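As C-alpha cells, the structure follows; a few thoughts come after it.
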Amino acid sequence: MNSRDHNFRRMEMRGMPYHGGPGEMPPPGRPDMDQRYGRPGQAFGPGTQMNGGPRRMARRIDINSLLIFVLVMAFGMAIRSVEQWQITEKRALLAEADKAIAELSFLKAQINPHFLYNTLNNIYTLSVIGSEKTSDSIMKLSNIMRYVTDEAEADFVPLSSELICIGNFIDLQKLRLGKMVTLEYTVEGDPAEYQICPLVLMTFIENVFKYGLSNHVPALIVIYIRMEKGNIFFHSQNTVFDHKKHPERSGIGIANTRKRLEHLYPNKYTLGIDQADQLFTVDLVLRS
C-alpha cells in the first residue's frame, strides 16, 4: 500500500474528509468529494459550466421559439379573419344586389299593367264611337306592348326606342282630346347616342293626360324633351283642375319612379315637382 492509500485509509477511519495533496485527485465514490470537485470533465459541480452557458442559451432559444410560434399563430388568425370578413362582405353585397334587382322588377310590374290598362281604356272608347282610327290605334298599342315586354325589361334602353313608345302613346291620347285642350309636344336633339331607363318618363306623361284634361275649361299640356351634352332634359306641365284629385302624384306612380331613379341614377338625376298658379310642373334632368 503506497503512502496515498495509507493517508486515505487513516482519514476515513477518523471520519475526516480527505483533501489530498497538491496535484492529487480525490478517489471515486465519495459524495463529499464529488460535490466539491465534480466528476471528471466537470469544472465546478454536476451539470454546470462557466456562467451557466448551455442552460441559459437553451432558455433563450425556447423563449424565441415561443415568440415565433405566437406570432405565426396570430398572423394566421388575422389572415383567416380577413378572409371571413371578405366572404361576409361579398355575400352582403350580393344580397343587396339581388334585393335591388327584385325591387326593380316589382316596380316595373306595378308600372306596366297600369300603363296598359289606361291605354286599353282609350282604345275601347274609340271602338264604342266607331272611329276609323281604331285599327291604327290597335297597331300603336301593339307596338307599345312589344316595347314594354321585350325591351323595357332591361335597366337601360336606347332613348330612340323610348321616344317611339312615347310618340305612340301621345298619338293614342290625341284621339280623345277635345277642342278645349292645347297640346305642345317637342323633342330636340339627336337621341342616337343616349340611353335611358325605360318608362321612367312615361309616368309623368301619363299623369299629364290623366289629370290635365277638361271638356269645359281650356287646358294646356306641355311635354318637352331635349338631349344636350350627354344630359336628358324632361319638362311637363298641365293645368290643375280643382274637381280632380291627384292620388298618384304623392302615391304609387311617382313614388315608384323616384325609387327607380335612386337605383339606376344614383347622384345622377335631379327631379323637381311643383304646383303653383293652377299649373303642375315636372322638371327632370338625367346626367350621364
Side-chain angles (χ1 to χ4, degrees), residues 111-112 114-123 125-126 131 133-134 136-148 151-152 157-215 217-229 231-241 244 246 248-249 253-254 257 261 269-275 277-286:
I111 292 173
N112 297 345
H114 183 250
F115 162 69
L116 294 175
Y117 171 77
N118 287 334
T119 305
L120 284 171
N121 278 343
N122 295 337
I123 294 180
T125 301
L126 291 176
S131 173
K133 297 180 180 180
T134 302
D136 182 60
S137 299
I138 293 175
M139 180 59 63
K140 291 181 182 296
L141 176 61
S142 175
N143 293 334
I144 293 174
M145 292 181 65
R146 185 180 299 108
Y147 173 77
V148 169
E151 297 188 49
V157 297
L159 179 57
S160 56
S161 300
E162 183 77 4
L163 291 176
I164 291 174
C165 180
I166 291 174
N168 287 333
F169 178 80
I170 291 177
D171 288 341
L172 290 175
Q173 297 295 336
K174 285 180 180 179
L175 298 176
R176 67 187 187 93
L177 295 182
K179 296 181 179 180
M180 303 300 293
V181 179
T182 300
L183 171 63
E184 297 178 5
Y185 173 52
T186 307
V187 177
E188 293 182 356
D190 184 6
E193 302 297 326
Y194 290 83
Q195 297 277 320
I196 192 172
C197 171
L199 304 177
V200 70
L201 304 181
M202 192 63 69
T203 301
F204 305 113
I205 295 174
E206 186 181 13
N207 282 344
V208 163
F209 287 101
K210 187 173 183 178
Y211 300 109
L213 302 182
S214 175
N215 294 326
V217 181
L220 174 65
I221 292 179
V222 178
I223 300 173
Y224 176 69
I225 302 174
R226 184 176 89 253
M227 293 74 71
E228 182 180 6
K229 297 180 179 180
N231 300 326
I232 301 174
F233 300 88
F234 171 82
H235 170 80
S236 68
Q237 189 175 76
N238 63 275
T239 305
V240 176
F241 298 99
K244 288 190 175 183
H246 304 79
E248 283 192 328
R249 284 174 174 160
I254 291 180
T257 300
L261 290 172
Y269 81 96
T270 303
L271 176 61
I273 299 177
D274 180 65
Q275 181 173 333
D277 300 328
Q278 293 187 328
L279 292 175
F280 188 86
T281 306
V282 176
D283 286 292
L284 174 64
V285 181
L286 304 177

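Keep in mind that what you see is a predicted model, and the values were worked out from it rather than measured.
Smallest separation of non-hydrogen atoms from Leu201 and Glu162: N-OE2, 4.3 Å. Contact record, Ile225 with Phe234: CG1-CD1, 3.8 Å, taken as the closest heavy-atom pair. Here the closest heavy-atom approach between residue Asn238 and residue Gly212 is recorded as ND2-CA, 3.7 Å.
Remark: Ile166 CD1 to Ile196 CD1 distance equals 6.5 Å, nearest 0.5 Å. Distance CE/Met145 to CG/Leu141: 6.0 Å, rounded to 0.5 Å. Here Ile205 contributes atom CD1 and Gln173 contributes atom CD; the two are 10.0 Å apart, rounded to the nearest 0.5 Å. Taking OG of Ser161 as the reference point, atom CG of Asn143 lies at 11.5 Å (rounded to 0.5 Å). Rounding to the nearest 0.5 Å places CG of Asp171 at 9.5 Å from NZ of Lys133.
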Could you tabulate the donor-acceptor pairs under 3.5 Å formed by side-chain atoms of residues 180-193, not counting sequence neighbours?
from	atom 1	to	atom 2	distance (Å)
Glu188	OE1	Tyr224	OH	2.7
Asp190	OD1	Ala192	N	3.2

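For the side-chain contact (heavy atoms from CB on, under 4.5 Å) test, residues two or more places apart in sequence or in another chain that qualify with Ile164 are Asn168. Scored by the side-chain contact (heavy atoms from CB on, under 4.5 Å) test, Gln195 finds Phe156, Pro158 as partners (sequence neighbours excluded). Partners of Tyr194 by side-chain contact (heavy atoms from CB on, under 4.5 Å), not counting sequence neighbours, listed by chain and number: Leu159, Met227, Ile232. When the salt bridge (Lys or Arg N to Asp or Glu O under 4.0 Å) test is applied to Arg146, no partner is found at least two apart in sequence or on another chain. Residues passing the side-chain contact (heavy atoms from CB on, under 4.5 Å) test with Asp283, sequence neighbours excluded: His235, Thr281.
At least one side-chain heavy atom of Tyr147 sits less than 4.5 Å from a side-chain heavy atom of Leu199. Annotation: side chain of Ile144 is in contact with side chain of Leu172 (closest heavy-atom distance under 4.5 Å). No side-chain heavy atom of Val208 sits less than 4.5 Å from a side-chain heavy atom of Val222. For the pair Val240/Tyr211, no side-chain contact is recorded, criterion being any heavy-atom separation below 4.5 Å from C-beta on. Put simply, the side chain of Phe209 reaches to within 4.5 Å of the side chain of Leu177, judged on heavy atoms.
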*Decide side-chain contact (heavy atoms from CB on, under 4.5 Å) for Leu284 and Leu261; before the verdict, give the C-alpha distance in whole Å, the side-chain angles of both, and the deciding distance to 0.1 Å.*
CA-CA 10 Å; Leu284 174 64; Leu261 290 172; 4.1 Å; yes

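One N or O on the side chain of Thr239 and one on the backbone of Leu220 form a donor-acceptor pair closer than 3.5 Å.
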